[in-house]
A.B. asks: 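Before I ask anything, here is the structure I am working with.
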Amino acid sequence: MSKLSGTRRYLALFFPWLPAERFTRSAPKPPDLPLVFAEKQRGALRIASVDARAQALGLRVGMPLANARAQVPDLGIVPHDPVLDQNWLDRLAQGCARYTPLVALDAPDGLILDITGCTHLFEDEAGLIDDIERRLIRLGMTPRHALGPTADAARALARYQTRPAPDEPTAIRRLPVAALELDAEATTALVRAGLKTIGDLAARPMANIAARFGAAAAMALRRLLGDAPSPLDPRVTPPPVATERRFAEPVASLPHATRILAELVDEAIADLAERGKGGRHFRATFFRSDGLTRSIAVETGHATRDAGLVMRLFAERMDGLRDPLDPGFGFDMMRLAVPRLEPLAATQLKLEGGEVRAAAVTDLVDRLATRLGRGGVRKFVAADTHIPEQAQLALPAIDAPPPTPWPAPEPGEPPLRPFYLFDPPQVIEVIAEVPDGPPHRFRWRRATHAIRRYEGPERIASEWWRRRDNAGLTRDYYRVEDERGRRYWLFRHGLYDEKPDPRWYIHGVFA
């Protein structure tokens with residue numbers, strides 16, 4: 001056991017033929033030929049991945065495609081798609097979340113699981129691994145696995161040995177120095193020095209290794225041996241509140257699964273109440289018996305412990321799914337996670353029902369956002385800026401911060417800002433008595449308006465970091481009233497010492 005790992009146990013899964021098995025699984029009729037996956041590298045088509053048959057014929061990653069064709073004429077060639085491979089690896093990681101919340105992607109073709117304390121549902125580690133491999137094989141995958149006291153050790157054993165090792169420390173020392181995954185020059189230098197295995201390298205003083213082969217080689221060796229931390233970066237941070245249900249017989253009925261989800265929500269709400277918290281984000285994950293998973297998440301605009309509200313949001317989300325929830329051969333596990341919590345204390349309702357009305361509006365926003373998407377319902381939020389068109393932001397109502405009071409005019413004073421703003425401001429032609437004076441009349445939308453009254457100027461300077469471009473000119477705003485009593489908000493964009501011929505704009509109209 002390593003010095004730093006304690007009793008932690010890690011399981012590494014390596015999929016040597018992941019692109020080929022992903023393609024074969026999804027293709028309508030995959031070709032009955034050895035497969036290679038090609039991509040353009042350094043101006044030429046090269047092999048990025050192969051399947052088992054192509055490798056048995058001597059084809060290797062990095063080989064020019066022309067050479068591969070000359071060596072194997074009957075060859076199936078598929079464009080390499082690393083995005084689809086990554087998406088499939090992520091789906092495999094979601095399925096492995098049934099065993100442990102700490103699942104890390106080891107891109108492009110591996111996973112690492114922290115299975116410490118996760119074997120209580122199985123007889124031992126072997127039982128857990130058998131269950132994982134059974135589900136992966138059912139999905140058409142060929143996994144290689146290895147256990148280790150550190151994440152780096154498990155990963156190296158899975159990738160650089162063909163069979164699981166009963167004696168992990170000995171197996172680690174038998175690994176080739178390539179398991180350190182240094183650059184090609186450093187690996188070649190180690191081999192030329194006669195250090196072909198990890199055991200050969202571990203027998204040398206660490207200071208000598210760092211001095212001769214670099215600090216990276218010494219650190220990689222220490223992490224592999226467990227003498228330095230080997231942290232795991234899970235794809236999903238374990239939520240503070242989670243509840244799950246496992247089934248001896250898979251649940252193939254969606255109404256039954258919905259009833260169980262309601263029970264999980266009740267359990268999570270009870271946990272939140274004990275903590276004095278409310279949930280803002282609820283995520284339900286359905287684990288199918290064939291190894292695939294499906295997650296559905298809902299969010300609320302405020303912290304809540306209302307189980308009925310959460311279930312209504314889940315019902316809205318399920319009804320609006322483009323790809324309906326399919327149990328397949330049934331769900332053998334369901335999990336509800338609450339990854340986002342906020343303090344939620346008891347509130348006193350107003351006698352006239354004010355708090356009740358506010359809660360009803362918030363619930364309506366939550367339902368609309370669940371159905372239309374988190375960006376489908378927006379809320380205006382005041383911004384700390386004096387530029388008029390930037391004084392408010394339209395943010396998703398789910399993410400908008402608590403409302404702050406808008407600045408109000410003095411009692412009895414007219415509003416300083418118009419009810420309606422043009423975005424962007426519209427160009428107008430202005431006649432002024434003096435170049436830098438107030439407007440006398442202006443022409444807008446083919447009509448001339450004679451100004452009877454005006455108020456201003458209200459000078460608004462630009463932000464200092466924008467003064468070098470045209471958007472950073474000073475603005476002189478005027479509130480004007482024409483001869484028919486209509487009121488407008490005009491501004492001159494730029495002073496005469498900033499711009500030889502500043503233009504005029506109408507920015508809004510008053511009610």
Side-chain angles (χ1 to χ4, degrees), residues 8 93-104 113-122 128 232 234-248 250-251 254-288 293-318 325 331-349 355-356 358-360 362-363 365-367 369-370 374 398-399 401-402:
R8 303 209 69 83
Q94 293 177 24
C96 289
R98 71 172 63 237
Y99 304 102
T100 172
L102 299 176
V103 180
L113 288 65
D114 185 345
I115 61 170
T116 306
C118 295
T119 59
H120 58 282
L121 297 174
F122 307 89
L128 182 145
L232 194 68
R235 57 179 294 274
V236 176
T237 303
V241 173
T243 180
E244 65 183 38
R245 193 73 54 84
R246 297 175 184 266
F247 313 107
V251 175
L254 280 180
H256 187 194
T258 304
R259 289 194 295 271
I260 295 172
L261 177 60
E263 296 175 3
L264 295 177
V265 170
D266 289 337
E267 295 175 11
I269 293 298
D271 192 349
L272 291 172
E274 293 181 0
R275 298 167 179 250
K277 303 281 188 178
R280 288 284 307 273
H281 187 136
F282 298 82
R283 184 176 64 245
T285 305
F286 302 84
F287 296 85
R288 296 190 348 181
T293 64
R294 183 72 180 273
S295 292
I296 299 175
V298 298
E299 295 178 278
T300 60
H302 63 93
T304 184
R305 290 199 294 266
D306 187 345
L309 169 64
V310 176
M311 285 307 301
R312 287 195 298 272
L313 295 179
F314 272 120
E316 292 276 357
R317 179 56 55 86
M318 291 180 184
L325 188 63
F331 303 121
D332 58 2
M333 177 179 166
M334 290 174 55
R335 175 182 295 149
L336 178 74
V338 190
R340 183 179 176 186
L341 310 183
E342 288 183 2
L344 179 62
T347 57
Q348 176 67 45
L349 297 180
E355 293 294 331
V356 174
T362 304
D363 292 347
V365 170
D366 292 342
R367 292 175 59 190
T370 299
R374 65 188 345 261
I398 292 293
D399 296 333

A.B. asks: For a 4.5 angstrom cut-off between non-hydrogen side-chain atoms, does Leu102 reach Pro238?
C.D. replies: yes
A.B. asks: Do you know which two heavy atoms are closest between Phe287 and Arg335, and how far apart they sit?
C.D. replies: CZ-NH1, 3.7 Å
A.B. asks: Which pair of non-hydrogen atoms, one from Met333 and one from Phe247, has the smallest distance, and what is that distance?
C.D. replies: N-CD1, 3.7 Å
A.B. asks: Out of curiosity, Leu336 CG to Asp266 CG, how far, rounded to the nearest 0.5 Å?
C.D. replies: 10.0 Å
A.B. asks: Search all heavy atoms of Leu325 against all heavy atoms of Arg294 and return the closest pair with its distance.
C.D. replies: CD1-CG, 3.4 Å
A.B. asks: Side-chain donor-acceptor pair under 3.5 Å between Thr116 and Asp114, yes or no?
C.D. replies: yes
A.B. asks: Given Met311 and Thr258, is the side-chain contact (heavy atoms from CB on, under 4.5 Å) satisfied, shown in steps?
C.D. replies: CA-CA 9 Å; Met311 285 307 301; Thr258 304; 4.0 Å; yes
A.B. asks: Would you give the length of the straight line joining atom CD1 of Ile269 to atom OG1 of Thr304, rounded to the nearest 0.5 angstrom?
C.D. replies: 6.5 Å
A.B. asks: What is the distance from atom CD of Glu299 to atom CZ of Arg317, rounded to the nearest 0.5 Å?
C.D. replies: 8.0 Å
A.B. asks: So, Arg280 side chain and Thr300 main chain: donor-acceptor pair closer than 3.5 Å or not?
C.D. replies: yes
A.B. asks: Taking the side chain as every heavy atom from C-beta outward, state whether Lys277 and Leu344 have any pair of such atoms under 4.5 Å apart.
C.D. replies: no
A.B. asks: How long is the straight-line distance from CD of Glu342 back to NE2 of His302, given to the nearest 0.5 Å?
C.D. replies: 10.5 Å
A.B. asks: What pair of heavy atoms forms the shortest contact from His281 to Pro339, and how long is it?
C.D. replies: O-CD, 3.2 Å
A.B. asks: What pair of heavy atoms forms the shortest contact from Met318 to Leu261, and how long is it?
C.D. replies: CE-CD2, 3.7 Å
A.B. asks: Could you give me the CA-CA distance, side-chain angles and deciding distance for Val251 and Arg245, then say whether side-chain contact (heavy atoms from CB on, under 4.5 Å) is met?
C.D. replies: CA-CA 11 Å; Val251 175; Arg245 193 73 54 84; over 6 Å; no
A.B. asks: I'd like to check Ile260 versus His256 (side-chain heavy atoms, cut-off strictly below 4.5 Å). Are they in contact?
C.D. replies: yes
A.B. asks: Find out whether Val241 and Arg275 are in side-chain contact, i.e. whether some heavy atom of one side chain is under 4.5 Å from a heavy atom of the other.
C.D. replies: yes
A.B. asks: Could you give the distance from CG (Leu264) to OG1 (Thr243), rounded to the nearest 0.5 Å?
C.D. replies: 5.0 Å
A.B. asks: Tyr99 and Leu128: side-chain contact (heavy atoms from CB on, under 4.5 Å), yes or no, with the steps?
C.D. replies: CA-CA 8 Å; Tyr99 304 102; Leu128 182 145; 4.3 Å; yes
A.B. asks: Closest approach of Leu113 and Cys96, non-hydrogen atoms and distance?
C.D. replies: CD2-CB, 3.9 Å
A.B. asks: Any chance you could measure Leu254, atom CG, to Phe331, atom CZ, to the nearest 0.5 Å?
C.D. replies: 6.0 Å
